[in-house]
Engineer: 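Sending over a structure as structure tokens; questions will come in a sec.
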Amino acid sequence: MWVLLMFLIGFIIVLISHWVYRWQNPKCNGNGKLPPGSMGFPLIGETLQYFTPHSLYDVSPFIKKRITRYGLLFRTNIVGQNIVVSTDPEFNYKIFQKEGKYFLFWYPESFTEIFGGQDILTYHGVVHKYLKNLVLHLISPENIKSTLLSEMDQITRQHLTSWARSATAVDIKHVSSDMVFRYFAMKLIGYDDLEGPRKLRENFTAIIDGMISFPLNIPGTAYHACLQGRMNALKIIKEKFDERKASSKKYGDYLDHLLDEVKKEDTILNETVAVNLVFGLLFATFETTSTALTLAIKFISDHPQVQAELTKEHEDIIKSRQRKDSQITWQEYKSMNFTHMVINEIVRLANIVPGIYRKVIQDVEINGYTIPAGWLVMVVPSVLHVNPDIYDDPLTFNPWRWKGKELHLGTKTFMGFGGGVRLCVGADFAKVQLAIFIHHLVLNLRWSVVKGGDIVRKPTLTFPNGLHIKISEKNCAVE
């Protein structure tokens, strides 16, 4: 009996040891050789190390340590996914250019649970192109120029006036999130978060908090709250769709356009995809734009020379106007050269997106290594953006470094808005919002930071204690 028991224990130990060995030493197809690296512990991989918070503008310690040990290309496992991390600029560029042939846009399964697998990011080819054009109907440069520019100008003025007249300091991350979300929710589906019976924005806040947590779907965890937030947000958006379908009234918002598209006989858009499209647009705008606006305040506050140069540029715009109180024009926006340099520098140091994923659809050979089909490749823009061989003194906020350089496209050395066919469709919208905000901020307001401003990455960028500022109006009021 004891002999049999010892045999079973030994057999189980051998099986577990073999399983652990196979986990840590995955096979490559044929005679290929995987990039060096570590797969971490079985099941969880190196997820915990990847999500460890750090407070640097620099590359995360997780990435930096592995570059030092393995080089610009290494393998790992995060949230159950076998991943090759690429910090090689040339290879990254090829990844974006070869989408559809060797790579497909992808993100880990935990993110798929959050986004549902039916948003613009998950589709490819003709369907992706169609959905992209559908989004551009709302935020194309032409629509920004004709409609959104004046609307954003007015909304920004109103909110800045409200903050300046507040008796207490405001947390700029919170109030800017509110400003952007309320405007875009109204523009998309005619939803006013102040009047709605349920707060749509609160659910998106829960989603953001849970996205940067370990993907454990158990009640009481941040990830569970994140999934609940997604479910509630989709329910509110779906109710808006149902209300609008039952009405013959036109509201002139994006939902009208989506409903018209769904009704077409030859459409490839259905209601489920449309609801998820609205969800994805609200999510992207809510988090990324408000984060960039908060960073704009922080960087400008910390660099008086930048503030002085911005103030001069925007005062010159006002001086050239026939009417000083008129709204920003498209020509004025395009003339804000130093402002665009500031925006690029904010985006370069922000690295709001910690990793860009692609799925390998056929084996890829690179530098003597093989990346097998079915694995993920993760491009890390921050490594490029703080590379001292590309940017002098890369951790310093220096907008003048962009003088004479391309300011509006993704390149081999700048991936602030992605690259290739997946260049961020909302890039122009975000930059216009930032430019308008900076215009009214430096022209009409005084402010001082009274609390917060710490930045923590885990790995997305967060402000754990906010950025609290006291604002007052200059002599010329913002109306």
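This one's a predicted model, so the numbers in the text were calculated from it and none came from an experiment.
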Engineer: Taking the ring centre of each residue, are F429 and F184 less than 6.0 Å apart?
Structural biologist: yes

Engineer: Is the closest side-chain donor-acceptor distance between S176 and H159 under 3.5 Å?
Structural biologist: no

Engineer: May I ask you to test the E271-L258 pair for a side-chain heavy-atom distance under 4.5 Å?
Structural biologist: no

Engineer: Under 3.5 Å, is there a donor-acceptor pair linking the side chains of E473 and T161?
Structural biologist: no

Engineer: Does I237 form a side chain to side chain contact (heavy atoms under 4.5 Å, CB included) with L282? I'd like the steps, not just the answer.
Structural biologist: CA-CA 10 Å; I237 296 169; L282 280 172; 4.2 Å; yes

Engineer: Is any side-chain heavy atom of L188 closer than 4.5 Å to one of L255?
Structural biologist: no

Engineer: Going by distance alone, is a donor N or O of one side chain under 3.5 Å from an acceptor N or O of the other, for N143 and H137?
Structural biologist: no

Engineer: Taking atom NZ of K470 as the centre, report whether more than 12 heavy atoms of other residues, nucleotides or ligands fall under 6.0 Å from it.
Structural biologist: yes

Engineer: Indicate yes or no for a side-chain donor-acceptor contact from S247 to the backbone of K249 under 3.5 Å, with no hydrogens or angles considered.
Structural biologist: yes

Engineer: Keeping the roles fixed (side chain from H54, backbone from V59), state whether a donor-acceptor pair exists under 3.5 Å.
Structural biologist: no

Engineer: Examine R230 relative to F279 and say whether NZ or CZ is less than 6.0 Å from the centre of the six-membered ring and inside a 45° cone about the ring axis.
Structural biologist: yes

Engineer: Quick check: closest heavy atoms across N203 and I236, and the distance to 0.1 Å?
Structural biologist: ND2-CD1, 3.9 Å

Engineer: Grab the two heavy atoms, one from L445 and one from A164, that are nearest each other, plus how far apart they are.
Structural biologist: CD2-CB, 3.9 Å

Engineer: Show the numbers, then the answer: is there a side chain to side chain contact (heavy atoms under 4.5 Å, CB included) between Y50 and M378?
Structural biologist: CA-CA 13 Å; Y50 178 69; M378 180 171 72; 3.9 Å; yes

Engineer: With side chains defined as the heavy atoms from C-beta onward, is the minimum distance between R358 and L376 less than 4.5 Å?
Structural biologist: no

Engineer: So, E46 and T76: side-chain donor and acceptor under 3.5 Å apart, yes or no?
Structural biologist: yes

Engineer: When you check the side-chain N and O atoms of H440 and D153, is any donor under 3.5 Å from an acceptor?
Structural biologist: yes

Engineer: What's the shortest heavy-atom distance between L467 and T294, and which atoms?
Structural biologist: CD2-O, 3.6 Å

Engineer: Y333 side chain to I436 main-chain N or O, any donor-acceptor pair under 3.5 Å?
Structural biologist: no

Engineer: On a heavy-atom basis, which atom in V450 and which in A169 lie closest, and how many Å separate them?
Structural biologist: CG2-CB, 3.6 Å

Engineer: May I have the step-by-step check of ring-ring contact (aromatic ring centres under 6.0 Å, His included) for Y251 and H257, ending in yes or no?
Structural biologist: CA-CA 10 Å; Y251 291 80; H257 179 67; over 10 Å; no

Engineer: Is it the case that the side chains of W447 and S301 hold a donor-acceptor pair, with the cut-off being a distance below 3.5 Å and no angle test?
Structural biologist: yes

Engineer: Is a side-chain donor or acceptor of S382 paired with a backbone partner of N351 at a separation under 3.5 angstrom?
Structural biologist: no

Engineer: Could you tell me whether the side chain of T267 and the main chain of E261 form a donor-acceptor pair under 3.5 Å?
Structural biologist: yes

Engineer: If you measure from OG1 on T329 to NZ on K145, what distance do you get to the nearest 0.5 Å?
Structural biologist: 10.0 Å

Engineer: Output the distance between atom OG1 (T156) and atom CD (E151), rounded to the nearest 0.5 Å.
Structural biologist: 11.0 Å

Engineer: Is a salt bridge present between R201 and D178, judged by a nitrogen-to-oxygen distance below 4.0 Å?
Structural biologist: yes

Engineer: With rounding to the nearest 0.5 Å, note down the distance linking CD1 in I297 to NE2 in H468.
Structural biologist: 13.0 Å

Engineer: How about L293 and I172: do any of their side-chain heavy atoms sit closer than 4.5 Å?
Structural biologist: no

Engineer: Rounded to the nearest 0.5 Å, what separation is found between the CD atom of Q433 and the CG atom of L149?
Structural biologist: 10.5 Å

Engineer: Can you find a heavy atom in the side chain of R321 that is under 4.5 Å from one in the side chain of E332?
Structural biologist: yes

Engineer: Dump the intermediate steps for side chain to side chain contact (heavy atoms under 4.5 Å, CB included) on I328 and M336, then the final yes or no.
Structural biologist: CA-CA 11 Å; I328 296 173; M336 299 175 184; 4.2 Å; yes

Engineer: For D58, what residues pass the salt bridge (charged side-chain N to carboxylate O under 4.0 Å, His left out) criterion, not counting sequence neighbours?
Structural biologist: K64

Engineer: With a 4.5 Å heavy-atom cut-off, do V85 and L73 have their side chains touching?
Structural biologist: no

Engineer: Would the F414 and W402 ring centres measure less than 6.0 Å apart?
Structural biologist: yes

Engineer: Under 3.5 Å, side chain of H385 to main-chain N/O of M415, donor-acceptor pair present?
Structural biologist: yes

Engineer: Can you measure from CZ (F62) to CD1 (I67) and round to the nearest 0.5 angstrom?
Structural biologist: 10.5 Å

Engineer: Taking atom NZ as the centre, does K451 end up with more than 12 heavy-atom neighbours from other residues, nucleotides or ligands that are less than 6.0 angstrom away?
Structural biologist: no

Engineer: Go through L72 and F91 one step at a time and tell me if the side chain to side chain contact (heavy atoms under 4.5 Å, CB included) criterion holds.
Structural biologist: CA-CA 10 Å; L72 298 180; F91 184 49; over 6 Å; no

Engineer: Parallel, tilted or perpendicular: which one describes the rings of F397 and F299, with boundaries at 30° and 60°?
Structural biologist: parallel

Engineer: For R401 and D393, indicate whether the former's side chain and the latter's backbone hold a donor-acceptor pair under 3.5 Å.
Structural biologist: yes

Engineer: For R348, is there an ion pair with E345 - N to carboxylate O distance below 4.0 angstrom?
Structural biologist: yes

Engineer: In Å, rounded to the nearest 0.5 Å, how long is the span from CD1 of I318 to CG of N444?
Structural biologist: 7.0 Å

Engineer: Between S290 and S177, is there a side-chain donor-acceptor contact under 3.5 Å, judged purely by atom types and distance?
Structural biologist: yes

Engineer: Would a line drawn from the ring center of H174 to the ring center of F463 be shorter than 6.0 Å?
Structural biologist: no

Engineer: Is the backbone of I317 close enough, under 3.5 Å, to the side chain of S320 for a donor and an acceptor to pair up by distance?
Structural biologist: yes

Engineer: What closest approach, in Å, do P141 and D428 show between heavy atoms, and which atom pair accounts for it?
Structural biologist: CG-OD2, 3.5 Å

Engineer: Going by side-chain hydrogen bond (donor to acceptor under 3.5 Å, both in side chains), name the residues that satisfy it together with R244, two or more places apart in sequence or in a different chain.
Structural biologist: D253, D256

Engineer: Going by the angle between their ring planes, with limits at 30° and 60°, are F338 and W400 parallel, tilted or perpendicular?
Structural biologist: tilted

Engineer: Do V383 and V380 have side-chain heavy atoms sitting under 4.5 Å apart?
Structural biologist: yes

Engineer: What are the two closest non-hydrogen atoms of V379 and I95, and how far apart are they?
Structural biologist: CG2-CD1, 3.9 Å

Engineer: Is there side-chain contact between I455 and K298, with heavy atoms separated by less than 4.5 Å?
Structural biologist: yes

